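Read through the structure below, which is laid out as structure tokens, and then see the notes.
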Amino acid sequence: MEAQHHHGKPQAEGEWSTGFCDCFSDCKNCCITCWCPCITFGQVAEIVDQGSTTCGTAGALYTLISCFTGCGCLYSCFYRGKMRAQYNIGGSDCGDCLKHFFCELCALTQQYRELKNRGYDMKLGWAGNAQLQQNQGVAMGAPVFQGGMTR
């Protein structure tokens, strides 16, 4: 089992848990994002959309937009704004667009680290994380009722 290290600081209201240029604090994700950003984007989009968009669908759409227009950063920029709104992280739409336009890889890895530091296991996706939380609730002693009264 792989040890997980959380290098991020605790989330203060309105702040990211890691810096924009802290890409190498998670070298594995940094390498994946460098060679195939559609994977990281897909994972982020699935969690941000709370499972309504799958990782594969978001990643494929990102790839198509990037290949045909060269502007996948505009699509991913939208998710940065959506994520900031969900977690009340400071910033602006203009800043989001500039970050994604000039350093797409740093922006994607920061979003990935943010979700990871907020407790999501990015490999599991939205459904896997929901199932994990449900199972942890049962393991923590939630009452289990066998059978019931019959007449």
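Note that the coordinates shown come from a computational prediction; the quantities given were computed from them, not determined experimentally.
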Identify each donor-acceptor pair in which a side-chain atom of residues 55-65 lies under 3.5 Å from a protein atom, sequence neighbours left out, and give them as a table.
from	atom 1	to	atom 2	distance (Å)
T57	OG1	T54	OG1	2.8
Y62	OH	E104	OE2	2.7
T63	OG1	G59	O	2.9

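- In summary, the side chains of D22 and T18 do not present any donor paired with an acceptor at a separation below 3.5 Å, with no hydrogens or angles considered.
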### Steps toward side-chain contact (heavy atoms from CB on, under 4.5 Å) verdict (L115, V48)
CA-CA 9 Å; L115 292 171; V48 171; 4.3 Å; yes
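- By the 4.5 Å heavy-atom criterion applied to side chains, E114 and V44 are not counted as neighbours.
- Dense packing is recorded around CZ of F20, with more than 12 heavy atoms of other residues, nucleotides or ligands lying under 6.0 Å away.
- Looking at Q43, its side chain never comes within 3.5 Å of a backbone N or O of G125 through a donor-acceptor pair.
- For the pair S25/R113, a side-chain contact is recorded, criterion being any heavy-atom separation below 4.5 Å from C-beta on.
- In this structure a side-chain-to-backbone donor-acceptor pair under 3.5 Å is missing from D49 to G51.
- Between the SG atom of C73 and the CG atom of D96 there is a distance of 12.0 Å, given to the nearest 0.5 Å.
- Between K116 and D26 there is a salt bridge, since a side-chain N of the basic residue sits under 4.0 Å from a carboxylate O of the acidic one.
- Geometrically, R80 engages W16 in a cation-pi contact defined by less than 6.0 Å to the ring centre and at most 45° from the axis.
- Taking the side chain as every heavy atom from C-beta outward, S76 and L108 approach each other to under 4.5 Å.
- When the side chains of ILVMFWY residues are joined at heavy-atom separations under 4.5 Å, either directly or via intervening members, I39 and W126 end up in two distinct hydrophobic clusters.
- Between atom NZ of residue K99 and atom SG of residue C94 there is a gap of 10.0 Å, rounded to the nearest 0.5 Å.
- Hydrophobic clustering (ILVMFWY, side-chain heavy atoms < 4.5 Å, transitive): I47 and I32 are in distinct clusters.
- A donor-acceptor pair is defined here as one N or O able to donate and one able to accept, closer than 3.5 Å; no such pair exists between the side chain of T69 and the backbone of S66.
- For R84 and D93, the salt-bridge test passes: some basic side-chain N is under 4.0 Å from an acidic carboxylate O.
- At least one donor-acceptor pair under 3.5 Å links the side chain of T109 to the backbone N or O of C106.
- Annotation: the span from Q111 atom CD to I89 atom CD1 amounts to 9.0 Å, rounded to 0.5 Å.
- The nearest pair of heavy atoms linking C23 to C30 is O-CB, 3.5 Å.
- Considering only residues two or more places apart in sequence or on other chains, Y75 meets the ring-ring contact (aromatic ring centres under 6.0 Å, His included) condition with F41, Y79.
- Side-chain polar atoms of N129 and Q133 form no donor-acceptor pair below 3.5 angstrom.
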